[in-house]
Number of protein chains: 2
Amino acid sequence: MTLRSFSSGDFIGREGRSASTCAVLTRGFAVRQKLTGSGDRQIVSLHGPGDALNFQNAFLGVPDYDIRSVEDCVASFVDASAIRALAAERPAVARSLLISAFTEASTAREWMLNLGRRNARTRLAHFLCEYLDRISLQGHPADGKYELRLSQEQIGDATGMTAVHVNRMLKALQTETLIKQLGRFISVPNMYALMDAGEYNPRYLHLQESNA
Amino acid sequence: MTLRSFSSGDFIGREGRSASTCAVLTRGFAVRQKLTGSGDRQIVSLHGPGDALNFQNAFLGVPDYDIRSVEDCVASFVDASAIRALAAERPAVARSLLISAFTEASTAREWMLNLGRRNARTRLAHFLCEYLDRISLQGHPADGKYELRLSQEQIGDATGMTAVHVNRMLKALQTETLIKQLGRFISVPNMYALMDAGEYNPRYLHLQESNA
DNA sequence: CGGGACTTTGACTTCGTTCAACCATAGTGG
DNA sequence: CCACTATGGTTGAACGAAGTCAAAGTCCCG
(Lines give C-alpha, C1' and ligand atoms only; values in the text may rest on other atoms or scores of the structure.)
Protein backbone atom coordinates (compact mmCIF):
# COMPACT_ATOMS: atom_id res chain seq x y z
CA MET A 1 0.00 0.00 0.00
CA THR A 2 1.42 3.36 -1.09
CA LEU A 3 0.33 6.89 -0.42
CA ARG A 4 0.53 9.47 -3.15
CA SER A 5 -0.22 13.20 -3.18
CA PHE A 6 -1.89 15.09 -5.98
CA SER A 7 -2.42 18.76 -6.58
CA SER A 8 -5.58 20.31 -7.88
CA GLY A 9 -6.37 19.22 -11.43
CA ASP A 10 -4.08 16.18 -11.44
CA PHE A 11 -5.20 12.88 -12.86
CA ILE A 12 -5.40 10.21 -10.16
CA GLY A 13 -6.36 7.65 -12.76
CA ARG A 14 -6.99 7.67 -16.49
CA GLU A 15 -9.48 6.24 -18.89
CA GLY A 16 -8.38 3.64 -21.38
CA ARG A 17 -5.12 2.51 -19.88
CA SER A 18 -5.40 -0.71 -17.97
CA ALA A 19 -4.57 -0.19 -14.32
CA SER A 20 -3.42 -2.90 -11.95
CA THR A 21 -3.98 -0.83 -8.87
CA CYS A 22 -6.95 0.44 -6.87
CA ALA A 23 -7.13 3.71 -4.98
CA VAL A 24 -8.90 5.03 -1.91
CA LEU A 25 -9.10 8.78 -1.44
CA THR A 26 -7.75 9.68 1.98
CA ARG A 27 -7.75 13.46 1.77
CA GLY A 28 -9.29 16.07 -0.49
CA PHE A 29 -12.01 16.03 -3.08
CA ALA A 30 -12.01 14.35 -6.48
CA VAL A 31 -14.33 13.57 -9.38
CA ARG A 32 -14.68 11.00 -12.08
CA GLN A 33 -15.14 12.36 -15.58
CA LYS A 34 -15.62 11.31 -19.17
CA LEU A 35 -15.09 13.22 -22.42
CA THR A 36 -17.08 13.33 -25.65
CA GLY A 37 -15.48 13.16 -29.05
CA SER A 38 -15.53 16.94 -29.24
CA GLY A 39 -13.85 17.27 -25.86
CA ASP A 40 -16.87 18.20 -23.77
CA ARG A 41 -16.54 17.04 -20.23
CA GLN A 42 -19.10 15.20 -18.08
CA ILE A 43 -18.42 14.71 -14.41
CA VAL A 44 -20.05 11.42 -13.42
CA SER A 45 -19.43 11.23 -9.68
CA LEU A 46 -18.12 13.11 -6.64
CA HIS A 47 -15.67 11.65 -4.16
CA GLY A 48 -14.47 12.61 -0.70
CA PRO A 49 -12.17 11.01 1.85
CA GLY A 50 -12.84 7.32 2.35
CA ASP A 51 -14.29 6.75 -1.10
CA ALA A 52 -13.05 3.91 -3.26
CA LEU A 53 -12.08 5.55 -6.52
CA ASN A 54 -11.66 2.64 -8.89
CA PHE A 55 -12.10 -0.75 -7.30
CA GLN A 56 -13.59 -1.88 -10.57
CA ASN A 57 -9.98 -2.14 -11.75
CA ALA A 58 -9.80 -5.34 -9.74
CA PHE A 59 -12.59 -6.94 -11.76
CA LEU A 60 -12.93 -5.24 -15.13
CA GLY A 61 -10.47 -4.35 -17.86
CA VAL A 62 -9.54 -0.83 -18.80
CA PRO A 63 -11.25 1.91 -16.82
CA ASP A 64 -13.94 3.90 -18.61
CA TYR A 65 -13.32 7.20 -16.84
CA ASP A 66 -10.66 9.61 -15.63
CA ILE A 67 -10.27 10.45 -11.97
CA ARG A 68 -9.27 14.02 -11.30
CA SER A 69 -8.51 15.87 -8.14
CA VAL A 70 -10.48 19.06 -7.59
CA GLU A 71 -8.17 20.25 -4.83
CA ASP A 72 -5.00 18.92 -3.25
CA CYS A 73 -5.54 15.25 -2.53
CA VAL A 74 -3.94 12.21 -1.02
CA ALA A 75 -4.83 8.74 -2.22
CA SER A 76 -3.65 5.35 -1.07
CA PHE A 77 -3.02 2.67 -3.65
CA VAL A 78 -3.38 -1.09 -3.32
CA ASP A 79 -2.60 -3.79 -5.86
CA ALA A 80 -5.72 -4.87 -7.70
CA SER A 81 -4.64 -8.47 -7.23
CA ALA A 82 -4.66 -7.97 -3.46
CA ILE A 83 -8.26 -6.73 -3.61
CA ARG A 84 -9.21 -9.72 -5.73
CA ALA A 85 -7.59 -12.09 -3.29
CA LEU A 86 -9.26 -10.46 -0.32
CA ALA A 87 -12.65 -10.60 -1.99
CA ALA A 88 -12.13 -14.28 -2.73
CA GLU A 89 -11.04 -15.19 0.78
CA ARG A 90 -13.27 -13.00 2.90
CA PRO A 91 -16.99 -12.98 2.10
CA ALA A 92 -17.43 -9.85 4.20
CA VAL A 93 -15.04 -7.99 1.93
CA ALA A 94 -16.83 -9.20 -1.19
CA ARG A 95 -20.08 -8.13 0.38
CA SER A 96 -18.95 -4.62 1.13
CA LEU A 97 -17.51 -4.28 -2.35
CA LEU A 98 -20.88 -5.35 -3.70
CA ILE A 99 -22.72 -2.83 -1.57
CA SER A 100 -20.44 -0.08 -2.74
CA ALA A 101 -20.73 -1.07 -6.41
CA PHE A 102 -24.52 -1.25 -6.27
CA THR A 103 -24.66 2.09 -4.49
CA GLU A 104 -22.53 3.66 -7.18
CA ALA A 105 -24.91 2.34 -9.81
CA SER A 106 -27.87 3.68 -7.86
CA THR A 107 -26.35 7.15 -7.65
CA ALA A 108 -25.58 7.03 -11.34
CA ARG A 109 -29.23 6.30 -12.08
CA GLU A 110 -30.35 9.31 -10.09
CA TRP A 111 -27.90 11.45 -12.03
CA MET A 112 -29.33 10.10 -15.28
CA LEU A 113 -32.80 11.14 -14.19
CA ASN A 114 -31.40 14.53 -13.29
CA LEU A 115 -29.56 15.01 -16.58
CA GLY A 116 -32.26 13.59 -18.79
CA ARG A 117 -35.48 14.88 -17.36
CA ARG A 118 -35.06 17.86 -15.05
CA ASN A 119 -34.59 21.51 -15.95
CA ALA A 120 -31.49 23.49 -15.09
CA ARG A 121 -32.81 25.01 -11.86
CA THR A 122 -33.98 21.70 -10.40
CA ARG A 123 -30.84 19.97 -11.61
CA LEU A 124 -28.61 22.49 -9.91
CA ALA A 125 -30.59 22.38 -6.65
CA HIS A 126 -30.36 18.61 -6.71
CA PHE A 127 -26.65 18.72 -7.32
CA LEU A 128 -26.12 21.16 -4.45
CA CYS A 129 -28.06 18.92 -2.09
CA GLU A 130 -25.97 15.89 -2.96
CA TYR A 131 -22.78 17.90 -2.78
CA LEU A 132 -23.65 19.27 0.66
CA ASP A 133 -24.65 15.84 1.93
CA ARG A 134 -21.39 14.46 0.68
CA ILE A 135 -19.11 17.06 2.24
CA SER A 136 -21.17 17.00 5.42
CA LEU A 137 -19.89 13.50 5.98
CA GLN A 138 -16.69 15.28 6.97
CA GLY A 139 -18.54 17.41 9.50
CA HIS A 140 -20.83 20.41 9.35
CA PRO A 141 -19.25 23.84 9.61
CA ALA A 142 -20.20 25.67 12.81
CA ASP A 143 -21.33 28.79 10.96
CA GLY A 144 -23.36 26.90 8.35
CA LYS A 145 -21.16 28.14 5.53
CA TYR A 146 -20.06 25.39 3.18
CA GLU A 147 -17.11 25.88 0.90
CA LEU A 148 -18.03 25.30 -2.71
CA ARG A 149 -14.92 23.53 -3.84
CA LEU A 150 -15.94 23.28 -7.46
CA SER A 151 -15.81 26.15 -9.92
CA GLN A 152 -18.98 27.06 -11.78
CA GLU A 153 -17.42 25.47 -14.82
CA GLN A 154 -17.04 22.20 -12.94
CA ILE A 155 -20.56 22.39 -11.58
CA GLY A 156 -21.68 22.80 -15.16
CA ASP A 157 -19.73 19.73 -16.17
CA ALA A 158 -21.50 17.77 -13.45
CA THR A 159 -24.99 19.02 -14.23
CA GLY A 160 -24.76 19.10 -18.01
CA MET A 161 -24.86 22.83 -18.48
CA THR A 162 -22.54 25.70 -19.37
CA ALA A 163 -20.68 27.74 -16.77
CA VAL A 164 -22.66 30.82 -17.79
CA HIS A 165 -25.95 29.09 -17.17
CA VAL A 166 -24.77 27.72 -13.84
CA ASN A 167 -24.05 31.29 -12.83
CA ARG A 168 -27.53 32.41 -13.80
CA MET A 169 -29.21 29.53 -12.03
CA LEU A 170 -27.18 30.13 -8.88
CA LYS A 171 -28.45 33.69 -9.02
CA ALA A 172 -31.98 32.43 -9.47
CA LEU A 173 -31.70 30.16 -6.42
CA GLN A 174 -30.35 33.14 -4.51
CA THR A 175 -33.21 35.46 -5.40
CA GLU A 176 -35.53 32.68 -4.28
CA THR A 177 -33.51 32.70 -1.02
CA LEU A 178 -32.92 28.98 -1.38
CA ILE A 179 -29.21 29.59 -0.97
CA LYS A 180 -26.98 32.45 0.15
CA GLN A 181 -23.69 32.89 -1.63
CA LEU A 182 -20.68 34.61 -0.15
CA GLY A 183 -17.76 34.26 -2.51
CA ARG A 184 -16.77 30.63 -2.65
CA PHE A 185 -19.02 29.79 0.30
CA ILE A 186 -22.71 29.09 0.40
CA SER A 187 -25.21 28.66 3.19
CA VAL A 188 -28.67 27.18 3.05
CA PRO A 189 -31.32 28.94 5.16
CA ASN A 190 -33.79 26.10 4.80
CA MET A 191 -32.39 22.78 3.71
CA TYR A 192 -35.82 21.27 3.20
CA ALA A 193 -36.78 24.05 0.81
CA LEU A 194 -33.69 23.37 -1.28
CA MET A 195 -34.28 19.63 -1.23
CA ASP A 196 -37.80 20.30 -2.38
CA ALA A 197 -36.62 22.52 -5.22
CA GLY A 198 -34.19 19.81 -6.29
CA GLU A 199 -36.60 16.91 -5.82
CA TYR A 200 -33.83 15.54 -3.66
CA ASN A 201 -34.30 12.41 -1.62
CA PRO A 202 -30.98 11.03 -0.39
CA ARG A 203 -32.35 7.51 -0.29
CA TYR A 204 -30.54 6.67 -3.52
CA LEU A 205 -27.18 7.16 -1.78
CA HIS A 206 -27.98 4.13 0.40
CA LEU A 207 -25.91 5.58 3.23
CA GLN A 208 -24.89 2.97 5.83
CA GLU A 209 -27.74 0.81 4.66
CA SER A 210 -27.80 -2.82 3.69
CA ASN A 211 -29.65 -6.07 3.92
CA ALA A 212 -28.94 -8.66 6.59
CA MET B 1 -37.16 -20.40 -7.84
CA THR B 2 -40.38 -19.33 -9.54
CA LEU B 3 -41.19 -18.31 -13.07
CA ARG B 4 -43.60 -15.49 -13.73
CA SER B 5 -45.01 -14.07 -16.97
CA PHE B 6 -45.65 -10.42 -17.67
CA SER B 7 -47.35 -8.66 -20.50
CA SER B 8 -46.13 -5.52 -22.15
CA GLY B 9 -46.12 -2.54 -19.79
CA ASP B 10 -46.30 -4.57 -16.59
CA PHE B 11 -44.15 -3.75 -13.61
CA ILE B 12 -41.71 -6.55 -12.87
CA GLY B 13 -40.47 -4.63 -9.83
CA ARG B 14 -41.22 -1.32 -8.22
CA GLU B 15 -39.32 1.54 -6.72
CA GLY B 16 -39.63 2.28 -3.05
CA ARG B 17 -41.09 -0.97 -1.77
CA SER B 18 -38.54 -3.24 -0.22
CA ALA B 19 -38.22 -6.46 -2.16
CA SER B 20 -36.90 -9.73 -0.78
CA THR B 21 -36.56 -11.36 -4.14
CA CYS B 22 -34.23 -11.07 -7.15
CA ALA B 23 -35.19 -11.59 -10.76
CA VAL B 24 -33.49 -12.75 -13.93
CA LEU B 25 -35.15 -12.01 -17.24
CA THR B 26 -35.55 -15.22 -19.20
CA ARG B 27 -37.61 -14.01 -22.13
CA GLY B 28 -38.54 -10.66 -23.62
CA PHE B 29 -37.25 -7.16 -23.24
CA ALA B 30 -37.50 -4.88 -20.20
CA VAL B 31 -36.22 -1.54 -18.95
CA ARG B 32 -35.51 0.10 -15.65
CA GLN B 33 -37.03 3.54 -15.20
CA LYS B 34 -37.30 6.40 -12.74
CA LEU B 35 -39.80 9.25 -12.49
CA THR B 36 -39.38 12.92 -11.64
CA GLY B 37 -41.69 14.76 -9.30
CA SER B 38 -43.71 15.97 -12.26
CA GLY B 39 -44.06 12.46 -13.64
CA ASP B 40 -41.50 12.64 -16.42
CA ARG B 41 -39.93 9.29 -17.11
CA GLN B 42 -36.27 8.42 -17.56
CA ILE B 43 -35.32 4.98 -18.73
CA VAL B 44 -31.98 4.13 -17.14
CA SER B 45 -31.11 0.75 -18.61
CA LEU B 46 -32.11 -1.87 -21.16
CA HIS B 47 -32.42 -5.56 -20.40
CA GLY B 48 -32.73 -8.70 -22.46
CA PRO B 49 -32.83 -12.41 -21.69
CA GLY B 50 -30.21 -13.47 -19.19
CA ASP B 51 -29.92 -10.08 -17.50
CA ALA B 52 -30.11 -9.78 -13.73
CA LEU B 53 -32.82 -7.21 -13.15
CA ASN B 54 -32.39 -6.35 -9.51
CA PHE B 55 -29.73 -8.30 -7.72
CA GLN B 56 -29.06 -5.19 -5.68
CA ASN B 57 -32.13 -6.22 -3.69
CA ALA B 58 -29.91 -8.81 -2.03
CA PHE B 59 -27.56 -6.16 -0.70
CA LEU B 60 -29.32 -2.82 -0.51
CA GLY B 61 -32.62 -1.68 0.95
CA VAL B 62 -35.53 -0.43 -1.11
CA PRO B 63 -34.98 -0.36 -4.87
CA ASP B 64 -34.51 3.04 -6.48
CA TYR B 65 -36.16 2.18 -9.80
CA ASP B 66 -39.10 0.47 -11.43
CA ILE B 67 -38.63 -2.45 -13.79
CA ARG B 68 -41.06 -2.55 -16.66
CA SER B 69 -41.59 -4.98 -19.46
CA VAL B 70 -41.54 -3.51 -22.94
CA GLU B 71 -43.08 -6.62 -24.47
CA ASP B 72 -44.30 -9.92 -23.13
CA CYS B 73 -41.70 -11.22 -20.71
CA VAL B 74 -40.85 -14.11 -18.47
CA ALA B 75 -38.71 -13.64 -15.40
CA SER B 76 -37.46 -16.11 -12.86
CA PHE B 77 -37.40 -15.11 -9.21
CA VAL B 78 -35.04 -16.21 -6.48
CA ASP B 79 -35.04 -15.32 -2.79
CA ALA B 80 -32.65 -12.48 -2.06
CA SER B 81 -31.42 -14.42 0.96
CA ALA B 82 -30.42 -17.29 -1.31
CA ILE B 83 -28.33 -14.95 -3.44
CA ARG B 84 -26.70 -13.54 -0.31
CA ALA B 85 -25.90 -17.02 0.93
CA LEU B 86 -24.46 -18.08 -2.41
CA ALA B 87 -22.30 -14.98 -2.60
CA ALA B 88 -21.01 -15.66 0.90
CA GLU B 89 -20.22 -19.32 0.27
CA ARG B 90 -18.94 -19.24 -3.28
CA PRO B 91 -16.30 -16.65 -4.13
CA ALA B 92 -16.91 -17.23 -7.83
CA VAL B 93 -20.52 -16.15 -7.42
CA ALA B 94 -19.52 -13.04 -5.51
CA ARG B 95 -17.02 -12.29 -8.21
CA SER B 96 -19.51 -12.53 -11.03
CA LEU B 97 -21.97 -10.39 -9.12
CA LEU B 98 -19.22 -7.82 -8.71
CA ILE B 99 -18.41 -7.87 -12.40
CA SER B 100 -22.04 -7.38 -13.27
CA ALA B 101 -22.50 -4.56 -10.76
CA PHE B 102 -19.41 -2.71 -11.94
CA THR B 103 -20.48 -3.17 -15.54
CA GLU B 104 -23.87 -1.70 -14.77
CA ALA B 105 -22.20 1.31 -13.23
CA SER B 106 -19.94 1.67 -16.24
CA THR B 107 -22.87 1.64 -18.62
CA ALA B 108 -24.65 4.18 -16.46
CA ARG B 109 -21.68 6.51 -16.74
CA GLU B 110 -21.73 6.30 -20.51
CA TRP B 111 -25.42 7.18 -20.45
CA MET B 112 -24.66 10.18 -18.23
CA LEU B 113 -22.15 11.41 -20.78
CA ASN B 114 -24.72 10.88 -23.46
CA LEU B 115 -27.50 12.70 -21.62
CA GLY B 116 -25.39 15.50 -20.29
CA ARG B 117 -23.08 16.40 -23.13
CA ARG B 118 -24.22 15.13 -26.50
CA ASN B 119 -26.79 16.60 -28.85
CA ALA B 120 -29.97 14.81 -29.84
CA ARG B 121 -28.67 13.31 -33.06
CA THR B 122 -25.52 11.86 -31.52
CA ARG B 123 -27.47 10.70 -28.48
CA LEU B 124 -29.98 8.85 -30.61
CA ALA B 125 -27.30 7.25 -32.79
CA HIS B 126 -25.50 6.14 -29.63
CA PHE B 127 -28.66 4.71 -28.20
CA LEU B 128 -29.41 2.77 -31.38
CA CYS B 129 -25.92 1.30 -31.38
CA GLU B 130 -26.25 0.07 -27.84
CA TYR B 131 -29.75 -1.21 -28.47
CA LEU B 132 -28.65 -3.15 -31.55
CA ASP B 133 -25.63 -4.58 -29.75
CA ARG B 134 -27.87 -5.67 -26.95
CA ILE B 135 -30.49 -7.43 -29.03
CA SER B 136 -27.79 -8.91 -31.25
CA LEU B 137 -26.76 -11.00 -28.27
CA GLN B 138 -29.87 -12.99 -29.15
CA GLY B 139 -28.68 -13.47 -32.71
CA HIS B 140 -28.55 -11.33 -35.82
CA PRO B 141 -31.50 -11.42 -38.19
CA ALA B 142 -30.64 -12.97 -41.53
CA ASP B 143 -32.05 -10.05 -43.50
CA GLY B 144 -30.35 -7.41 -41.36
CA LYS B 145 -33.68 -5.96 -40.24
CA TYR B 146 -33.86 -5.41 -36.51
CA GLU B 147 -37.18 -4.99 -34.82
CA LEU B 148 -37.34 -1.75 -32.88
CA ARG B 149 -39.20 -2.98 -29.86
CA LEU B 150 -39.48 0.42 -28.22
CA SER B 151 -41.92 3.11 -29.27
CA GLN B 152 -40.54 6.53 -30.16
CA GLU B 153 -41.92 7.73 -26.85
CA GLN B 154 -39.87 5.11 -25.02
CA ILE B 155 -36.76 5.93 -27.02
CA GLY B 156 -37.28 9.52 -25.96
CA ASP B 157 -37.54 8.45 -22.34
CA ALA B 158 -34.21 6.67 -22.70
CA THR B 159 -32.42 9.49 -24.48
CA GLY B 160 -33.89 12.43 -22.62
CA MET B 161 -35.95 13.88 -25.42
CA THR B 162 -39.55 14.14 -26.53
CA ALA B 163 -41.21 11.63 -28.82
CA VAL B 164 -41.62 14.33 -31.44
CA HIS B 165 -37.95 15.08 -31.47
CA VAL B 166 -37.05 11.39 -31.62
CA ASN B 167 -39.16 11.20 -34.74
CA ARG B 168 -37.35 14.13 -36.32
CA MET B 169 -33.92 12.79 -35.45
CA LEU B 170 -34.78 9.34 -36.80
CA LYS B 171 -35.73 11.11 -40.01
CA ALA B 172 -32.44 12.98 -39.93
CA LEU B 173 -30.46 9.75 -39.53
CA GLN B 174 -32.43 8.32 -42.41
CA THR B 175 -31.71 11.18 -44.80
CA GLU B 176 -28.07 10.74 -43.88
CA THR B 177 -28.58 7.05 -44.82
CA LEU B 178 -27.20 6.02 -41.46
CA ILE B 179 -30.29 3.89 -40.92
CA LYS B 180 -33.18 2.60 -43.01
CA GLN B 181 -36.58 2.44 -41.41
CA LEU B 182 -39.34 0.12 -42.52
CA GLY B 183 -42.22 0.36 -40.11
CA ARG B 184 -41.12 -1.01 -36.79
CA PHE B 185 -37.94 -2.42 -38.30
CA ILE B 186 -34.65 -0.75 -39.03
CA SER B 187 -31.55 -1.80 -40.86
CA VAL B 188 -28.11 -0.28 -40.76
CA PRO B 189 -26.26 -0.11 -44.07
CA ASN B 190 -22.95 0.72 -42.44
CA MET B 191 -22.64 -0.04 -38.78
CA TYR B 192 -19.34 1.78 -38.47
CA ALA B 193 -20.84 4.97 -39.83
CA LEU B 194 -23.61 4.82 -37.24
CA MET B 195 -21.15 4.08 -34.45
CA ASP B 196 -19.15 7.04 -35.59
CA ALA B 197 -22.18 9.32 -35.59
CA GLY B 198 -23.02 8.16 -32.08
CA GLU B 199 -19.45 8.26 -30.79
CA TYR B 200 -20.16 4.71 -29.83
CA ASN B 201 -17.47 2.45 -28.49
CA PRO B 202 -18.89 -0.67 -26.85
CA ARG B 203 -15.92 -0.95 -24.52
CA TYR B 204 -17.98 0.42 -21.66
CA LEU B 205 -20.26 -2.61 -21.80
CA HIS B 206 -17.32 -4.76 -20.69
CA LEU B 207 -18.75 -7.73 -22.56
CA GLN B 208 -17.29 -11.07 -21.41
CA GLU B 209 -14.31 -9.20 -20.06
CA SER B 210 -12.68 -9.43 -16.67
CA ASN B 211 -9.45 -9.50 -14.76
CA ALA B 212 -7.75 -12.72 -13.76
C1' DC C 1 1.16 46.50 -9.39
C1' DG C 2 0.15 43.09 -12.82
C1' DG C 3 -1.54 38.73 -14.37
C1' DG C 4 -4.47 34.82 -14.31
C1' DA C 5 -8.43 32.38 -13.15
C1' DC C 6 -13.02 32.76 -12.15
C1' DT C 7 -17.51 35.25 -12.04
C1' DT C 8 -20.99 38.31 -13.81
C1' DT C 9 -23.84 40.45 -17.27
C1' DG C 10 -26.02 41.47 -21.78
C1' DA C 11 -27.36 40.57 -26.62
C1' DC C 12 -28.18 37.21 -29.72
C1' DT C 13 -28.79 32.43 -31.56
C1' DT C 14 -30.20 27.72 -31.58
C1' DC C 15 -31.76 23.36 -30.27
C1' DG C 16 -35.32 21.05 -28.64
C1' DT C 17 -40.16 21.51 -26.73
C1' DT C 18 -44.97 22.40 -27.07
C1' DC C 19 -49.21 22.31 -29.14
C1' DA C 20 -52.13 20.90 -32.54
C1' DA C 21 -53.57 18.64 -36.40
C1' DC C 22 -53.40 14.80 -39.33
C1' DC C 23 -52.17 10.03 -40.94
C1' DA C 24 -51.37 4.87 -40.57
C1' DT C 25 -52.15 0.62 -38.66
C1' DA C 26 -54.12 -2.93 -36.14
C1' DG C 27 -57.59 -4.79 -33.28
C1' DT C 28 -62.60 -5.17 -31.96
C1' DG C 29 -67.30 -5.82 -32.08
C1' DG C 30 -71.59 -5.54 -34.67
C1' DC D 1 -66.81 -7.32 -43.92
C1' DC D 2 -66.70 -2.87 -42.42
C1' DA D 3 -67.25 1.10 -39.17
C1' DC D 4 -65.01 2.44 -34.77
C1' DT D 5 -61.50 3.15 -31.69
C1' DA D 6 -56.95 3.17 -29.81
C1' DT D 7 -52.23 3.63 -30.21
C1' DG D 8 -48.34 5.28 -32.35
C1' DG D 9 -46.08 7.93 -36.08
C1' DT D 10 -45.58 12.38 -38.90
C1' DT D 11 -45.52 17.22 -39.77
C1' DG D 12 -45.69 22.34 -39.15
C1' DA D 13 -45.61 26.71 -36.57
C1' DA D 14 -44.54 29.18 -32.54
C1' DC D 15 -42.19 29.34 -28.31
C1' DG D 16 -38.74 29.05 -24.73
C1' DA D 17 -34.79 27.22 -22.18
C1' DA D 18 -30.23 26.99 -22.50
C1' DG D 19 -26.10 27.90 -25.33
C1' DT D 20 -22.79 31.19 -27.49
C1' DC D 21 -20.06 35.10 -27.77
C1' DA D 22 -18.07 39.00 -25.99
C1' DA D 23 -16.95 42.38 -22.62
C1' DA D 24 -16.37 43.77 -17.87
C1' DG D 25 -15.75 42.96 -13.16
C1' DT D 26 -13.68 40.61 -9.07
C1' DC D 27 -10.42 38.25 -6.47
C1' DC D 28 -6.21 36.22 -5.31
C1' DC D 29 -1.43 35.72 -5.35
C1' DG D 30 3.19 36.57 -6.57
Side-chain angles (χ1 to χ4, degrees), chain A residues 7-10 36 38-43 68-72 114-128 147-176 179-186 197, chain B residues 7-10 36 38-43 68-72 114-128 147-176 179-186 197:
Chain A
S7 38
S8 182
D10 281 356
T36 65
S38 54
D40 288 329
R41 185 186 324 278
Q42 177 68 44
I43 289 175
R68 267 189 106 179
S69 57
V70 155
E71 58 182 7
D72 292 356
N114 219 23
L115 290 166
R117 286 303 189 199
R118 297 206 254 245
N119 63 22
R121 174 183 167 274
T122 312
R123 217 148 73 217
L124 180 58
H126 190 283
F127 172 83
L128 288 174
E147 187 180 0
L148 208 44
R149 286 184 269 189
L150 300 170
S151 69
Q152 295 182 357
E153 174 110 40
Q154 290 169 321
I155 295 174
D157 287 341
T159 53
M161 43 193 178
T162 60
V164 172
H165 205 55
V166 169
N167 186 282
R168 291 197 243 261
M169 289 299 108
L170 280 172
K171 288 277 123 76
L173 293 180
Q174 252 178 305
T175 62
E176 293 182 74
I179 61 173
K180 264 183 223 147
Q181 235 190 315
L182 319 100
R184 235 177 142 70
F185 290 80
I186 65 167
Chain B
S7 38
S8 182
D10 280 358
T36 65
S38 54
D40 287 329
R41 185 186 325 278
Q42 176 69 44
I43 289 176
R68 269 189 106 178
S69 57
V70 154
E71 58 181 7
D72 292 357
N114 219 22
L115 290 167
R117 287 302 189 201
R118 296 207 254 243
N119 63 22
R121 173 182 167 275
T122 311
R123 220 149 73 217
L124 180 58
H126 189 284
F127 171 84
L128 288 175
E147 187 181 359
L148 207 44
R149 287 183 268 189
L150 300 170
S151 68
Q152 295 182 357
E153 174 111 39
Q154 290 169 321
I155 295 175
D157 287 341
T159 53
M161 44 193 175
T162 59
V164 172
H165 205 54
V166 169
N167 185 285
R168 291 197 241 261
M169 290 299 107
L170 280 173
K171 288 278 124 77
L173 293 181
Q174 252 178 300
T175 62
E176 292 183 74
I179 62 173
K180 263 183 222 146
Q181 237 190 312
L182 320 99
R184 235 177 141 69
F185 290 80
I186 65 167

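Side-chain atoms are counted along with the backbone in the values below, which use heavy atoms only and exclude waters and symmetry mates. Residue numbers start from 1 in every chain, and the chains themselves are labelled A, B, ... in the order their sequence lines are given, proteins ahead of strands.
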Are any non-hydrogen side-chain atoms of [X] and [Y] less than 4.5 angstrom apart?
X: H165(B); Y: R168(B); answer: yes
X: Q154(B); Y: V70(B); answer: yes
X: N167(A); Y: V164(A); answer: no
X: I155(B); Y: I43(B); answer: no
X: L128(B); Y: L173(B); answer: yes
X: L115(B); Y: Q42(B); answer: yes
X: N114(A); Y: T36(B); answer: no
X: Q152(A); Y: L170(A); answer: yes

Task: Sugar-phosphate only, base, or nothing, as touched by G156(A) at under 4.0 Å among non-hydrogen atoms - done: nothing
Open item on the list: Over all strands shown, is G9(A) touching base, sugar-phosphate only, or nothing at heavy-atom distances under 4.0 angstrom?
Closed with: nothing
In this structure, how many angstroms lie between the [atom2] atom of [N] and the [atom1] atom of [X], rounded?
X: D40(B); N: dT18(C); atom1: CG; atom2: P; result: 8 Å
X: N119(B); N: dT20(D); atom1: CG; atom2: P; result: 11 Å
X: N114(B); N: dG16(C); atom1: CG; atom2: P; result: 12 Å
X: R121(A); N: dG16(D); atom1: CZ; atom2: P; result: 18 Å
X: H165(B); N: dA14(D); atom1: NE2; atom2: C1'; result: 16 Å
X: M161(B); N: dT10(D); atom1: CE; atom2: P; result: 14 Å
X: M169(B); N: dG9(D); atom1: CE; atom2: P; result: 16 Å
X: R118(A); N: dG16(C); atom1: CZ; atom2: C1'; result: 20 Å

Task: K171(A) NZ to E176(A) CD distance, which is reported to the nearest 0.5 Å - done: 14.0 Å
Task: Under 4.0 Å protein heavy-atom contacts per nucleotide of nucleotides 4-11 of chain C, with B for base, S for backbone only and - for none - done: ---SBBBB
Task: Sequence-aligned protein contact record of nucleotides 24-30 of chain D, with B where the base is within under 4.0 Å of a protein heavy atom and S where only the sugar-phosphate is - done: -------
TODO: Find the bend of the helix from dC1(C)-dG30(D) to dG30(C)-dC1(D) as the angle between its two terminal axes (five pairs each), to the nearest 10°.
DONE: 30°
TODO: Give a yes or no on whether a salt bridge exists between R41(B) and E153(B), defined as a side-chain N under 4.0 angstrom from a carboxylate O.
DONE: no
Task: Phosphate OP1/OP2 of dA18(D): any T162(A) side-chain N/O under 4.0 Å - done: no
Open item on the list: Using salt bridge (Lys or Arg N to Asp or Glu O under 4.0 Å), reason through R118(A) and D40(B) one step at a time and then give a plain yes or no.
Closed with: CA-CA 8 Å; R118(A) 297 206 254 245; D40(B) 287 329; over 6 Å; no
